[in-house]
There are 2 protein chains.
Amino acid sequence: MTVTLADVAARAQVSPATVSRVLNGNYPVAASTRERVLKAVDELDYVLNGPASALAAATSDLVGILVNDIADPFFGIMASAIQSEIGGPGGRAGGERLAVVCNTGGSPERELTYLTLLQRQRAAAVVLTGGAIEDAQHKAAMDAKLRKLADAGTRVVLCGRPQAPETGAIALTFDNRGGGQELTEHLIRLGHRRLGYIAGPEERTTTRDRLEGHRDALAAHGIEEDPRWTVHGRYDRRSGYEATLELLRRDPSLTAVVAANDSVALGACAALRESGRRIPDDVSVAGFDDLPFSVDAVPALTTVRLPLAEAGARAGRIAMGREEAPPGGIASVRGELMVRGSTAGPRG
Amino acid sequence: MTVTLADVAARAQVSPATVSRVLNGNYPVAASTRERVLKAVDELDYVLNGPASALAAATSDLVGILVNDIADPFFGIMASAIQSEIGGPGGRAGGERLAVVCNTGGSPERELTYLTLLQRQRAAAVVLTGGAIEDAQHKAAMDAKLRKLADAGTRVVLCGRPQAPETGAIALTFDNRGGGQELTEHLIRLGHRRLGYIAGPEERTTTRDRLEGHRDALAAHGIEEDPRWTVHGRYDRRSGYEATLELLRRDPSLTAVVAANDSVALGACAALRESGRRIPDDVSVAGFDDLPFSVDAVPALTTVRLPLAEAGARAGRIAMGREEAPPGGIASVRGELMVRGSTAGPRG
DNA sequence: CTGTTAGCGCCTTCAG
DNA sequence: CTGAAGGCGCTAACAG
């Protein structure tokens with residue numbers, strides 16, 4: 001029914017082993033026999049059986065990519081970059097590798113489940129993107145799982161996620177704290193003293209790091225933070241909208257709103273406008289990430305650009321062993337403050 | 001070194017066959033033995049070998065998703081929705097299925113290559129998203145490939161892509177033409193007579209359908225189209241920016257610009273503003289898709305909402321055989337005109 | 001450079 | 001309900 005290696009071998013009048021060799025190209029084969037084999041492959045319309053190949057060779061051409069939300073460009077951009085680097089020569093039979101994108105939705109259980117599934121597939125590598133969940137128990141379970149993956153020969157790379165020592169994983173972390181600090185310092189320099197902060201979900205490293213950076217800046221300038229000025233939400237525009245209304249309710253005199261990311265900032269802008277405030281005349285707004293749409297906001301969003309595509313590409317290369325891991329297995333990737341129209345000095 | 005089924009069997013004092021049966025849950029097993037097996041699995045920290053399992057059973061738990069660009073929310077949203085529906089019971093050993101997301105970048109070769117790779121993996125299903133490339137030769141190659149996949153038992157579903165008769169694929173198409181027509185009619189009703197159109201890349205069904213809808217509307221209202229009013233570009237904001245400058249150069253008297261999608265529309269807005277035109281006072285702008293950021297544009301974008309998440313979810317269910325295919329194997333999904341602030345009557 | 005020989009780890013009839 | 005046995009399709013030593 002289905003064509004197998006043996007069929008090709010018979011037609012090309014060689015042994016199955018030879019066919020395997022020309023297909024995998026990892027072994028010397030005479031040009032003439034190779035031709036013959038390729039011809040037979042073509043005539044028979046043969047397609048290698050991946051599972052069988054993976055079983056025999058004890059490796060697969062699958063690379064796992066864990067993301068919180070693939071519909072969010074923040075993750076989409078990284079996933080795309082990772083994917084663009086995992087192909088190329090080196091894989092089995094042709095060198096093309098397949099990206100298995102796993103949408104965890106930020107759920108600890110799904111994260112673990114996907115890792116097990118990837119382990120089951122004997123994935124060649126796994127890249128975990130975005131912040132981690134700050135639950136001690138979950139972290140321990142994750143670390144144990146990552147260690148097992150690494151021990152089984154799967155390369156594990158973290159992209160935009162804090163290092164997990166002792167797991168054998170390579171980490172490319174984002175300097176969220178530094179970026180957050182720079183951003184808030186920018187606002188303080190402009191003269192703001194009453195700053196609202198819309199944080200992401202609690203128990204997330206990204207959320208905490210950015211918030212800590214914000215507080216570092218406030219502290220450095222002797223600004224005492226009012227507890228009313230911080231609200232937690234999700235990383236989407238809807239949440240930014242609602243959180244902003246809440247902030248305005250708590251303290252209508254805020255002159256700036258710093259958002260956990262750009263999507264949240266867009267929601268904040270909408271809420272501010274609806275409440276009759278002008279940006280940046282009445283209230284300044286700042287985001288984080290610098291996603292593609294941020295420059296098109298009106299006014300354009302002041303934000304911290306994270307080199308998502310570059311980091312993803314690098315993570316992909318490291319995962320494939322095509323780039324050396326950074327010294328110590330960890331590298332911090334800095335963000336760049338992008339000052340645009342959404343921030344200005346407070347009125348008066 | 002690595003734990004196998006046999007190890008688990010030994011520890012649970014049953015045969016490998018029994019272990020396999022409890023793991024796959026497709027066969028009656030006494031509750032007590034099941035307990036014992038599960039306990040052994042747990043104690044040994046056993047993880048099923050996916051490739052071996054797939055080889056023996058001749059099916060896998062992988063589902064392919066082809067997208068043009070995963071960094072684009074248009075595809076990210078569909079991918080996310082598809083993914084959310086492919087899990088659940090029905091798969092091997094636990095019922096979790098893995099989504100293999102393939103970024104084709106709109107390249108015909110990559111599209112074909114990925115399909116072969118998925119075929120090699122014996123994917124359980126494949127969902128192709130977004131418009132197709134309109135090259136006769138490529139189409140023939142694609143159709144042949146889809147047919148082979150279907151014949152091999154892989155369920156093939158098209159989501160937002162025109163039907164491919166004779167391939168055994170189920171199609172959920174978007175009514176791009178109808179949406180395009182409605183959008184332009186809206187502008188015409190507002191009084192516009194000089195409308196620029198920024199089309200997507202040539203040779204794409206989506207591009208052509210939307211453009212044809214636009215022209216249908218013009219024709220229906222007896223508006224003769226000036227060849228200068230149409231420019232082709234890519235589906236990104238940069239392209240929209242450049243195309244708009246080109247349109248303005250060709251005919252500064254345009255009162256409306258219709259863009260191939262929302263990202264292009266954002267770029268158009270930026271170009272118009274930079275050229276000193278107000279939106280919608282001087283020029284109206286319309287997009288397509290209604291991506292999440294479109295409502296946050298200032299002014300908010302008039303566009304055609306495509307139910308991407310719903311369509312993706314449905315495609316996922318059909319791919320998993322959890323929802324019946326539409327009659328005739330094809331269903332057209334309509335868009336909804338979203339009238340917002342970026343369009344208004346022309347001045348004067 | 002090429003053929004032979006064993007498995008890789010699991011599933012699935014077939015008996016019992 | 002459970003065990004035994006064969007094979008899924010391919011690769012990786014070994015020889016030659």
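Per chain, numbering begins at 1; letters A, B, ... match sequence-line order.
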Between the side chains of Gln119(B) and Lys145(B), is a donor N or O closer than 3.5 angstrom to an acceptor N or O?
yes

Next on the checklist: Counting the atoms with a prime plus P, OP1 and OP2 as sugar-phosphate, which does Ala58(A) contact under 4.0 Å by heavy atoms, base, sugar-phosphate, or nothing?
Outcome noted: nothing

May I ask you to say what Val14(A) touches in the nucleic acid, namely base, sugar-phosphate or nothing, with a heavy-atom cut-off under 4.0 Å? sugar-phosphate

- Glu134(B) and Lys139(B) ion-paired at < 4.0 Å: no

To the nearest angstrom, the CD-P distance between Gln121(A) and dC10(C) comes to 13 Å

Atom CZ of Arg21(B) and atom P of dT13(C) are separated, to the nearest Å, by 11 Å

To the nearest angstrom, the CD-C1' distance between Gln13(A) and dT2(C) comes to 14 Å

It should be established whether Ser20(A) places a side-chain nitrogen or oxygen under 4.0 Å from OP1 or OP2 of nucleotide dA12(D). no

Tell me yes or no: between the side chains of Glu111(B) and His138(B), is some donor less than 3.5 Å from an acceptor?
-> yes

So, Ser15(B) and Thr18(B): side-chain donor and acceptor under 3.5 Å apart, yes or no? yes

Write down the protein N/O and nucleotide N/O pairs, taken from nucleotides 6-9 of chain C, whose separation is under 3.5 Å; answer none if there are no such pairs.
from: dC8(C); atom 1: O2; to: Ala56(A); atom 2: N; distance (Å): 3.4

- [ ] Respond yes when some side-chain nitrogen or oxygen of Thr18(B) is under 4.0 Å from OP1 or OP2 of dC1(D), and no when none is.
- [x] no

If you count heavy atoms of other groups shown closer than 6.0 angstrom to CD of Gln13(A), is the number above 12? no

Query raised in the report: Do Thr167(A) and Asp143(A) get their side chains close enough for a donor-acceptor pair, meaning under 3.5 Å?
Result: no

